[in-house]
> 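First the structure, which I've put down as structure tokens, then a few questions once you've had a look.
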Amino acid sequence: MTNYYYSENPDVKHQIRDWNFELMGNQFQFETDNGVFSKHTVDFGSRTLLNALEKSQTLSDFHGKLLDVGCGYGPLGLAIAKKYPQAKVEMVDVNNLALELAKKNAQLNQIQNAVIYQSNVYDQVQAHDFDAIISNPPIRAGKKIVHQILSGATEHLVENGTLTIVIQKKQGAASAKKKMEEVFGNCQLIMRNKGYQILQSMKEN
């Protein structure tokens with residue numbers, strides 16, 4: 001099956017869409033297409049994740065390094081890059097169509113501090129000094145991929161670095177929390193909203 005968003009090259013009939021959206025106090029212009037997740041608007045889970053990051057002070061005056069795993073057309077990573085121009089943001093996805101759109105959206109919104117490249121989870125991620133990793137994991141790709149995102153995070157984080165994800169209660173939040181506790185030794189529920197849970201773990205020494 002090659003026609004859904006967790007594919008390297010989704011087999012889709014192109015239908016470009018342009019729309020505007022406000023994230024983290026900034027107005028964005030987004031270009032999307034068939035074959036990417038949430039093509040009509042920034043999905044509620046991603047908005048909840050950004051809200052939780054702001055409220056929890058995870059990114060307070062952030063000027064470190066952040067990795068967005070499964071970035072899609074870019075709303076999470078680009079919102080953070082624009083809000084914190086001193087930050088260094090890396091954004092990865094397996095979906096080449098989504099990556100093309102993320103790069104286009106970085107240009108459309110004059111974002112210079114985001115590096116966007118293809119990687120199947122952490123395969124191509126070279127750095128091991130991220131202060132924060134975020135993900136709205138691709139649930140449809142299956143539990144194995146979601147758990148790879150969770151378990152692989154520690155080796156790419158600095159001490160006291162955080163992994164923050166959004167996941168719906170009905171789509172495996174309990175299992176994800178258990179996995180994060182197993183990998184990190186800790187996991188906090190930092191926000192819940194309409195069935196979505198924002199889970200955060202910190203890498204301890």
Side-chain angles (χ1 to χ4, degrees), residues 6 37 45-46 48-72 74-81 84 86-95 98-99 102 113-169 171-192 196-205:
Y6 195 82
F37 175 65
S46 290
T48 305
L49 176 53
L50 291 173
N51 192 10
L53 290 170
E54 288 200 281
K55 288 205 166 148
S56 66
Q57 303 287 297
T58 300
L59 301 179
S60 180
D61 193 26
F62 189 70
H63 50 266
K65 284 182 72 171
L66 178 134
L67 175 66
D68 176 4
V69 181
C71 66
L76 289 175
L78 296 179
I80 290 164
Y84 303 103
Q86 303 308 311
K88 292 186 175 75
V89 176
E90 292 189 20
M91 299 163 56
V92 298
D93 203 296
V94 74
N95 178 337
L99 292 165
N113 56 326
V115 179
I116 300 161
Y117 57 98
Q118 208 261 0
S119 180
N120 186 355
V121 191
Y122 300 103
D123 282 3
Q124 304 302 318
V125 178
Q126 304 294 319
H128 298 274
D129 60 345
F130 289 102
D131 300 284
I133 295 176
I134 60 168
S135 186
N136 182 350
I139 301 302
R140 279 178 60 182
K143 187 173 174 179
K144 183 174 174 230
I145 297 289
V146 174
H147 281 202
Q148 277 177 14
I149 292 172
L150 307 182
S151 58
T154 49
E155 66 177 278
H156 294 282
L157 285 167
V158 297
E159 192 178 317
N160 297 326
T162 54
L163 168 68
T164 312
I165 69 158
V166 56
I167 191 161
Q168 285 192 65
K169 185 179 180 184
Q171 289 187 323
S175 152
K177 187 168 192 288
K178 187 177 170 199
K179 185 69 177 176
M180 287 166 76
E181 281 168 346
E182 189 184 298
V183 172
F184 288 87
N186 64 80
C187 181
Q188 275 187 296
L189 171 63
I190 61 170
M191 185 179 279
R192 68 171 84 212
Y196 286 85
Q197 297 190 5
I198 309 300
L199 302 174
Q200 186 174 81
S201 291
M202 181 180 281
K203 180 176 177 175
E204 297 172 335
N205 57 13

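The residues of the chain are indexed from 1 along the displayed sequence. Owing to the predicted nature of the structure, the values given are computational and were not obtained by experimental measurement.
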> Where is the tightest heavy-atom contact between Q171 and I139, given as atom of each residue plus distance?
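Scanning both residues, the minimum pair turns out to be OE1-CG1, 3.8 Å.
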> Between atom OG1 of T154 and atom NE2 of H128, what is the distance when rounded to the nearest 0.5 Å?
11.0 Å
> State the CG-CG distance between D131 and L59, to the nearest 0.5 angstrom.
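Here the interatomic distance stands at 9.5 Å.
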> Please report the closest heavy-atom contact between N136 and G45, naming both atoms and the distance.
ND2-C, 4.3 Å
> Got a second to check how far H63's NE2 is from K88's NZ, nearest 0.5 Å?
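Nearest 0.5 Å value for the NE2-NZ distance: 9.5 Å.
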> Evaluate the side-chain proximity of L99 to Y117: yes if any heavy-atom separation is below 4.5 Å, no if none is.
no
> Within the 4.5 Å heavy-atom criterion, are K203 and F184 side-chain neighbours or not?
yes
> Salt bridge or not between K178 and E181? Use side-chain N to carboxylate O under 4.0 Å.
no
> Is there a side-chain contact between D93 and F37 (heavy atoms, below 4.5 Å)?
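Answer no - side chains too far apart.
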> Please name the pair of heavy atoms, one in V69 and one in V121, separated by the smallest distance, quoted to 0.1 Å.
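That closest heavy-atom pairing would be CG1-CA, 4.4 Å.
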> So do the side chains of P138 and I149 get within less than 4.5 Å of each other, counting heavy atoms only?
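Side-chain contact under 4.5 Å: yes.
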> As an exercise, state the distance from CD of Q126 to CD of E90, rounded to the nearest 0.5 Å.
9.0 Å
> Using atom types as modelled and distance alone, determine if a side-chain donor or acceptor of Y196 lies under 3.5 Å from a backbone N or O of T48.
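No, Y196 side chain to T48 backbone: no donor-acceptor pair under 3.5 Å.
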> Verify the neighbour count for atom CD of Q188: are there more than 12 heavy atoms of other residues, nucleotides or ligands below 6.0 Å?
no
> Could you give the distance from CD1 (I134) to CG (D68), rounded to the nearest 0.5 Å?
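These two atoms lie 4.5 Å from each other.
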> Between N120 and D123 (side chain of the first, backbone of the second, donor and acceptor by atom type, cut-off under 3.5 Å), is there such a pair?
no
> For Y122 and Q148, which I'm curious about, is there any donor-acceptor pair between the side chains at under 3.5 Å?
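Absent: no donor and acceptor within the cut-off.
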> Please answer whether the main-chain N or O of Y84 pairs with a side-chain N or O of N113 as donor and acceptor at a distance below 3.5 Å.
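Yes, the answer is positive, given that a donor and an acceptor are paired below the 3.5 Å cut-off.
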> Using atom types as modelled and distance alone, determine if a side-chain donor or acceptor of Q197 lies under 3.5 Å from a backbone N or O of Q168.
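Answer holds: no.
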> Determine the sole option in L76, L66, T58 for which the side-chain contact (heavy atoms from CB on, under 4.5 Å) test with L53 is passed.
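Result for side-chain contact (heavy atoms from CB on, under 4.5 Å) with L53: T58.
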> Tell me, with the steps shown, if V92 and Q118 meet side-chain contact (heavy atoms from CB on, under 4.5 Å).
CA-CA 5 Å; V92 298; Q118 208 261 0; over 6 Å; no
> With heavy-atom distances below 4.5 Å as the criterion, would you say the side chains of I80 and L50 are in contact?
yes
> Any side-chain heavy atom of M180 within less than 4.5 Å of one from I165?
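Contact flag for M180/I165 side chains = yes.
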> Calculate, to the nearest 0.5 Å, the distance between atoms CG and OG belonging to L150 and S201 respectively.
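Separation between the atoms: 8.0 Å.
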> Looking only at heavy atoms, which two atoms of I167 and A176 are closest? And how far apart?
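Answer, listing the atom of I167 first, then A176: CD1-CB, 3.9 Å.
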> Where do A114 and A81 come nearest, in terms of heavy atoms and distance?
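A114 and A81 have their closest heavy atoms at CB-CB, 4.3 Å.
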> V115 versus M91: any side-chain heavy-atom pair under 4.5 Å?
no
> Where is the tightest heavy-atom contact between T164 and Q200, given as atom of each residue plus distance?
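Scanning both residues completely, I find the closest heavy atoms to be OG1-NE2, 2.8 Å.
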